[in-house]
Amino acid sequence: MAITKKATAIALGTFISVGLTTQAQAGYMAADVAFVIDQSGSMQNEFAWLGNSLEAMDNQMRANGIDARYGVAGYERLAGSESNKNIFVDFTKDFNAISSSVNFVNTYGSQERGYHAAHWALGGFSWKDNRVKMVILITDESGDQASSMTETQLAGVLKDNNVLLNVISLNNYASEWDETVYTTKDGEKGFFDLAALRADPDTLTDEIIKRKVKEIIEEVPEPATAGVIGFGLLSLLFTRRRRLS
């Protein structure tokens, strides 16, 4: 009889554990994706690219079980809500809100402080807990134009805030972002060549979307181990208490 009770307890623990693991995974399969784009005149096409690509990106997210919100901010010397010249749409699932903003954006010229813009995004958007946090910064200029922080400092605050940075820029600026961009477990860095995107937008867009999905799934917390251990202990406690009673 004791064996039956023990087996029942373990089976119950396993059943509950699997159920809660599934729920936790479903809850954690969510992401906030912030596009931070250099708002100088040469970047008009990149704003249009975002408006044309966002729905395809979201379709891939949903196909992989990811619930995503999207936001966009322009920058020059100041970023997002720091200046009323900048486009800024906080996280939303409304594609029309983003598309209408990026399709009619007013570009202007100034210093493009990429490091500053990436740093601003950490507090400028309304991030939510229990969601993978991703910034995709797009520029055709140096990231280190009179920014108030170094690449190393930016890498540190991104890590502290659990934010994955991806950069789409010209290859000659890749070294400026080497410490900061997210690197997958198999060594792929989150830096993409802007010239390649301009030359063949369809091919690189597909690659970017696949990589973003991969990165988000890779960063989803894995509650299964904790759940199994926790309910395994609960099962043993239940069995012990039954024996003593």
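Residues: numbered from 1 along the sequence shown.
When side chains are defined from C-beta on, Arg198 does not count as touching Leu204, because their heavy atoms never get closer than 4.5 Å. No side-chain heavy atom of Glu218 sits under 4.5 Å from any side-chain heavy atom of Val132. The closest side-chain heavy-atom distance from Ile37 to Met43 is below 4.5 Å. Between Leu137 and Tyr75 there is a side-chain heavy-atom pair separated by less than 4.5 Å. Annotation: side chain of Met61 is in contact with side chain of Val213 (closest heavy-atom distance under 4.5 Å).
Within 6.0 Å of CG on Asp206 lie more than 12 heavy atoms contributed by other residues, nucleotides or ligands. For Lys210, the NZ atom sits in a loose shell: 12 or fewer heavy atoms of surrounding residues, nucleotides or ligands are nearer than 6.0 Å. No more than 12 heavy atoms of other residues, nucleotides or ligands sit less than 6.0 Å from atom CD of Glu55.
Between Asp90 and Arg69, no side-chain nitrogen of the basic residue sits less than 4.0 Å from a carboxylate oxygen of the acidic one, so the salt-bridge criterion is not met. The pair Glu188-Lys214 meets the salt-bridge criterion, with a side-chain N (NZ, NE, NH1 or NH2) lying under 4.0 Å from an Asp/Glu carboxylate O. Contact check on Glu219 versus Lys133 returns no salt bridge, with no Lys/Arg side-chain nitrogen under 4.0 Å from an Asp/Glu carboxylate oxygen.
In this model, a donor atom of one side chain and an acceptor atom of the other lie less than 3.5 Å apart for Glu215 and Asn166. Residues Gln111 and His116 have side chains that never bring a donor and an acceptor to within less than 3.5 angstrom of each other. Residues Thr152 and Glu179 have side chains that bring a donor and an acceptor to within less than 3.5 angstrom of each other. A donor-acceptor contact closer than 3.5 angstrom links the side chains of Glu176 and Ser142.
Without hydrogens or angle criteria, Glu46 side chain to Gln39 main chain gives no donor-acceptor distance under 3.5 Å. Under a 3.5 Å cut-off, the side chain of Ser169 and the backbone N or O of Thr139 do form a donor-acceptor pair. Side-chain atoms of Asp193 do not come within 3.5 Å of backbone N or O of Ile168 as any donor-acceptor pair. Remark: side-chain polar atoms of Asp200 are not paired, donor with acceptor, to backbone N or O of Ala196 under 3.5 angstrom. No side-chain donor-acceptor contact under 3.5 Å links Gln44 to the backbone of Gly41. The backbone N or O of Arg77 lies less than 3.5 Å from no partner atom in the side chain of Glu112, so there is not a single donor-acceptor pair. Without hydrogens or angle criteria, Asp38 side chain to Ser40 main chain gives a donor-acceptor distance under 3.5 Å. A distance-only check finds a donor-acceptor pair linking the side chain of Arg211 to the backbone of Lys189 [under 3.5 Å].
Placement of Leu164 and Ile209 within a single hydrophobic cluster is found when ILVMFWY residues are connected by side-chain heavy-atom separations under 4.5 Å, directly or transitively. Under the 4.5 Å side-chain heavy-atom criterion for grouping Ile, Leu, Val, Met, Phe, Trp and Tyr, Val163 is connected to Phe191 within one hydrophobic cluster. Hydrophobic clustering, with ILVMFWY side chains joined whenever heavy atoms are under 4.5 angstrom apart, keeps Ile66 apart from Val135. Criterion: ILVMFWY side-chain heavy atoms under 4.5 Å apart, direct or through other members. Under it, Tyr108 and Val102 are not part of a common hydrophobic cluster. When hydrophobic clusters are built by joining Ile, Leu, Val, Met, Phe, Trp and Tyr residues whose side-chain heavy atoms come closer than 4.5 Å, directly or via intermediates, Val105 is grouped together with Leu194.
Nearest heavy-atom pair across Leu158 and Thr180 is CD1-O, 3.8 Å. Of all non-hydrogen atoms in Ala195 and Leu170, the two that sit nearest each other are N-CD2, 3.9 Å. Residues Val36 and Ala117 come closest through the heavy atom pair CG1-CB, 3.8 Å. The nearest pair of heavy atoms linking Ala97 to Val89 is O-CG2, 4.2 Å. Residues Leu197 and Trp49 come closest through the heavy atom pair CD1-NE1, 3.6 Å. In plain terms, the two heavy atoms of Ala73 and Gly80 that are nearest each other are CB-CA, 3.9 Å.
A side chain to side chain contact (heavy atoms under 4.5 Å, CB included) with Tyr70 is found for one member of Thr92, Asp94, Asp58 and no other, namely Asp58.
The aromatic rings of Trp120 and Phe88 sit perpendicular to each other, their planes meeting at more than 60°, with 30° as the lower class boundary.
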Between Leu54 and Phe35, is a side-chain contact (heavy atoms from CB on, under 4.5 Å) present by the stated rule, with each step listed?
CA-CA 10 Å; Leu54 193 55; Phe35 291 89; 4.0 Å; yes
Begin from the C-alpha positions of Met134 and Ile216 and carry the test side-chain contact (heavy atoms from CB on, under 4.5 Å) through to its verdict.
CA-CA 8 Å; Met134 177 179 289; Ile216 290 169; 3.8 Å; yes
Can you list the steps and then say if Asp67 with Arg131 is a salt bridge (charged side-chain N to carboxylate O under 4.0 Å, His left out)?
CA-CA 9 Å; Asp67 174 42; Arg131 301 176 75 90; 3.8 Å; yes
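Residues in residues 137-189 take part in these ring-ring contact (aromatic ring centres under 6.0 Å, His included) pairs, two or more places apart or across chains: Tyr115-Trp177.
Distance check, rounded to the nearest 0.5 Å: OG of Ser126 to CG of Asp32 gives 9.0 Å. Separation of atoms CD1 (Ile98) and CG (Asn103) is listed at 11.0 Å; rounding is to 0.5 Å.
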